[in-house]
Number of protein chains: 4
Amino acid sequence: MNFDDKVPIYYQIENYIYHEIITGTLKPGEKLPSVRQLAVDVTANVNTVQRALSEMIAAEMIESKRGRGNFVTMDTTKIDQLKVKLVTTQLERVYEQLHALNLSDEEIVTSLQHYIQQRGQAK
Amino acid sequence: MNFDDKVPIYYQIENYIYHEIITGTLKPGEKLPSVRQLAVDVTANVNTVQRALSEMIAAEMIESKRGRGNFVTMDTTKIDQLKVKLVTTQLERVYEQLHALNLSDEEIVTSLQHYIQQRGQAK
Amino acid sequence: MNFDDKVPIYYQIENYIYHEIITGTLKPGEKLPSVRQLAVDVTANVNTVQRALSEMIAAEMIESKRGRGNFVTMDTTKIDQLKVKLVTTQLERVYEQLHALNLSDEEIVTSLQHYIQQRGQAK
Amino acid sequence: MNFDDKVPIYYQIENYIYHEIITGTLKPGEKLPSVRQLAVDVTANVNTVQRALSEMIAAEMIESKRGRGNFVTMDTTKIDQLKVKLVTTQLERVYEQLHALNLSDEEIVTSLQHYIQQRGQAK
DNA sequence: GTGGTCTAGACCACA
DNA sequence: GTGGTCTAGACCACA
């Protein structure tokens, strides 16, 4: 994992795991790698990983079972809601930023289309 | 100004001023408000504002004239490049994030369109 | 059994068994279920149950007979003392906590009465 | 502060500060002692204090202002709700425990009254 | 000075 | 082995 350095690492780890849950790399009910393994995977400290997990446990996206490990929630509704929330957050962000740069609604959409097109050709 | 608290404040101030330059609220060659005034405007500490300015000066978007204040660059090409850069950064960001959430190129565009539509109705 | 997760599980198991002894579910001199059975009953690990038993044996509330199992003490005085101790501990706890929240002696009693009343109606 | 050793220290610190808020030792809007000072006061590590505060911030009972300190919420409704919640939790706890020891509703109340009476005489 | 984040390392509870 | 808590110490962002 590459760290951004502008936002806290625990926050990035959180997002990283949320992505894995949403994309199904981590399935509902599946056991997460151990805290120590995750720390190695993302090259961060165990405590930092622990902090990320704590927040996800508080949000009930992950369930912790003493001595056995951490597990992805079985509640697929929760997972769906999470996806919607993450997507909306992203869209809101671009929209507001580009709008603040004086792009009209249409320009925002077309600039995105151009970006994607350009990106496709770059391959 | 509302701070996000996950990213450094000086970074947010920087973005804020860049927006003003790009949208023309601050014109090429125009004098910026004093550091003290800016600090009041964005409700941050003078030191924090100073740090944001330093970075913009290093990027040559702002020119500091001793004893007279800070001025927006006269070089409009620089400003245009900045706009392109900011827009592209934003687009890249959403694209990658949504792509990582398994949305296809088409879904990314349509979800943005839906978002804008929905937002329009909310007014 | 539902675990609280803020206090050690062995400690909760201990309390649970003490309750059974005091309420007479487990009679003086009666044989306890096997450690393995208890572990299943309270959905905990055998080691954890064993630890709870060890403390109760040390407190002489339970007697361990090699190869035959664990037995509730025959000493009914001990059991009575235990009950008094548990009750007093509980009362002490609420009293001190509510007192620390600035409730007067009267308020503590009336708030308890209200609580019980309310609970009765909830049925 | 005396630690109980059965529940996490950060949890006890949390309760301790909540008590101070409810009893008015810490007034709405008032600045808390610095994290470092609190650590000395309760003889715990800065990180442990920080963890307690994090939970209270998440619960919006405390507001953190960068570089300036932590402040008790101005929202007195929140404080009132907290008090009710803490009191109810305590009452629920004794009630259930004593009930589990086969005390009737009446016995629970009278045993509390006796306890208080006895305590008064002990002075 | 004040809070926020991170690390390394230790020790405990539980399976 | 696995998670949870705690400490000491360091460094950064902000006022």
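No hydrogens, no waters, no symmetry mates; every other heavy atom, side chains included, goes into these values. Proteins come first, then strands; the chains are lettered A, B, ... in the order of their sequence lines, and each starts at number 1.
The main-chain N or O of B:K27 is found under 3.5 Å from a side-chain atom of B:E30 such that the two form a donor-acceptor pair. The closest donor-acceptor contact from the side chain of D:H19 to the backbone of D:N15 lies under 3.5 Å.
Against DNA chain E, the stretch residues 34-45 of chain D makes heavy-atom approaches under 4.0 Å through D:S34, D:V35, D:R36.
Residue whose closest nucleotide on DNA chain E sits further toward the 5' end, between A:P8 and C:T48: A:P8. Nearest-nucleotide assignment on DNA chain F puts the 5′-proximal partner with D:V46, out of B:R51 and D:V46. Heavy-atom distances to DNA chain F give each of A:K65 and D:V7 a nearest nucleotide, and the one nearer the 5′ end belongs to A:K65. Looking at which nucleotide of DNA chain E each of A:Y11 and C:Y10 is closest to, the 5′-most match is held by A:Y11.
Within the 4.5 Å cutoff, the side chain of A:N47 has no heavy atoms near those of the D:N47 side chain. Taking 4.5 Å as the limit, some side-chain heavy atom of D:Q12 sits within range of a side-chain heavy atom of D:V7. Under the 4.5 Å side-chain criterion, counting only non-hydrogen atoms from C-beta, D:I62 is not in contact with D:F71. Using a 4.5 Å heavy-atom cutoff, the side chains of D:V72 and D:I79 are in contact. Within the 4.5 Å cutoff, the side chain of D:R66 has no heavy atoms near those of the D:R68 side chain.
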How does DNA chain E read in dot-bracket, base by base from 5' to 3', with Watson-Crick or G-U pairs under 3.5 Å and | used when the partner is on another strand? ||||||||||||||.
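When DNA chain F is scanned 5' to 3' for any atom under 4.0 Å from a heavy atom of chain B, the first and last hits are F:dA13 to F:dA15.
Atom NZ of B:K31 has more than 12 heavy atoms from other residues, nucleotides or ligands within 6.0 Å.
Minimum heavy-atom separation, C:Y10 to C:A52: O-CB, 3.4 Å.
Interatomic distance, CD of B:Q90 versus CD of A:Q90, reported as 9.5 Å (0.5 Å rounding).
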